[in-house]
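Encoded as structure tokens, the structure appears first; notes follow it.
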Amino acid sequence: MLDVRPIGIEDYTERCSKPLSELHDKLWVETYAKTHSPGMMVGPVEGQFLKMLATITGARRILEIGMFTGYSTLAWAEALPKDGRVVTCEINPQTTEIAKRYFAESLHGHKIEIKLGPALNSLKLVDGIFDLCFIDADKENYGAYYDRCMELVRPRGLIVLDNMLRGGRVLDPQDRGTKAIDELNKRIRKDPRVENVLLPMRDGIMLVRKL
Ligand SMILES: C[S@@+](CC[C@H](N)C(=O)[O-])C[C@H]1O[C@@H](n2cnc3c(N)ncnc32)[C@H](O)[C@@H]1O
């Protein structure tokens, strides 16, 4: 999707959006220095978008699947009230160690609960109800994550799914991950329990509102 946009437009959207916290900037630099796939972070504009979703929906309890080094997690936590909670699932202990240091430094870190291990296992043990769920982990399991989030999110709550365009590959899905995402996009469109919109922002953000 990005290649059909004028060069520089992503940077322009960043320059015209309020920045996230200084802690986010520090985390960004460390993630680029110490991990193999820093591009997995949602980045400043999507991070601000997610934060705003939490604020305008008045979310108090958020479930995140795919924490990585905690960039999006911090954005959620900053948007929550003092007694709010983000429960976040992550399988990678190394990136979790980085995230934990930043959560300890943040004024909002006490709102974050990490579930380390395969998300499908962690999700069996998680109790609802959540106002908002964010799916941003292994693509083959997105369908199962969506089904579990539908059980855990409250009526009129929101499910947000990232990378729903797979860099444009959904138009001709070949790999397993992209096929899974394409099937889920079509399944959500037909799901009578929800309303939804697929936004072409970044790599595609699906917003799903449970009726
Ligand atoms: C795209 S990254 C998440 C990025 C994060 N939301 C951010 O903004 O920085 C996806 C993460 O999902 C994690 N992951 C992959 N498979 C997983 C699984 N089965 N259970 C839990 N986490 C998983 C990866 O280790 C990776 O850190």
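Start at 1 and go down the list; that is how both ligands and their atoms are numbered.
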- Message: Rounded to the nearest 0.5 Å, what separates atom OG1 in Thr88 from atom CZ in Phe103?
- Response: 6.5 Å
- Message: Can you report which non-hydrogen protein atom sits closest to atom 27 (O) of ligand 1, along with the distance?
- Response: Glu90 OE1, 2.8 Å
- Identify the closest protein heavy atom to atom 20 (N) of ligand 1: which residue and atom is it, and at what distance? Ala119 N, 2.8 Å
- Note on the structure: Per-atom filter on ligand 1: closer than 4.0 angstrom to a heavy atom of Tyr71 are 9 (O)
- Item | Protein contact to atom 7 (C) of ligand 1 [nearest heavy atom, distance to 0.1 Å] | Ser72 OG, 3.4 Å
- Item | ligand 1 N/O within reach of Asn92 N/O, cut-off under 3.5 Å | no
- Item | Gly117: numbered ligand 1 atoms lying under 4.0 Å from its heavy atoms | 20 (N), 21 (C)
- Task: Report the nearest protein non-hydrogen atom to atom 14 (N) of ligand 1: residue, atom name, distance rounded to 0.1 Å.
- Result: Ile91 CG2, 3.8 Å
- Query: Atom NE2 in His24, atom CE in Met41: separation rounded to 0.5 Å?
  - Reply: 10.0 Å
- Message: If you measure every N or O of Gly70 against every N or O of ligand 1, does any of those distances drop under 3.5 Å?
- Response: no
- Item | Donor on one side chain, acceptor on other, Thr31 and Thr69, under 3.5 Å | yes
- Atoms in ligand 1 with a heavy atom of Pro118 nearer than 4.0 Å: 20 (N)
- Query: For ligand 1, which atoms sit closer than 4.0 Å to a heavy atom of Asp136?
  - Reply: 1 (C), 2 (S), 3 (C), 4 (C), 5 (C), 6 (N), 10 (C), 11 (C), 12 (O)
- Note on the structure: Note: ligand 1 atoms sitting under 4.0 Å from heavy atoms of Met41 are 7 (C), 8 (O), 9 (O)
- Electrostatic pair Glu183:Lys186 at N-O distance under 4.0 angstrom: no
- Message: Under the salt bridge (charged side-chain N to carboxylate O under 4.0 Å, His left out) test against Asp131, which residue among Arg154, Arg61, Arg209 passes?
- Response: Arg154
- Query: Taking atom types as modelled, is there a side-chain donor on Glu64 or Thr73 under 3.5 Å from an acceptor on the other?
  - Reply: yes
- Item | Electrostatic pair Lys51:Glu78 at N-O distance under 4.0 angstrom | yes
- Identify, for atom 18 (C) of ligand 1, the protein heavy atom at the shortest distance, and state residue, atom and that distance. Asp138 OD1, 3.5 Å
- Message: Please classify the Trp76 to ligand 1 contact at 4.0 Å (heavy-atom distances, strictly less than): side chain, backbone, both or neither.
- Response: neither
- Query: Are the charged groups of Glu30 and Arg101 less than 4.0 angstrom apart, N to O?
  - Reply: yes
- Would you please say whether a donor-acceptor pair under 3.5 Å links the side chains of Asp182 and Asn185? no
- Using distance alone, decide if ligand 1 has a nitrogen or oxygen within less than 3.5 Å of any nitrogen or oxygen in Gly66. yes
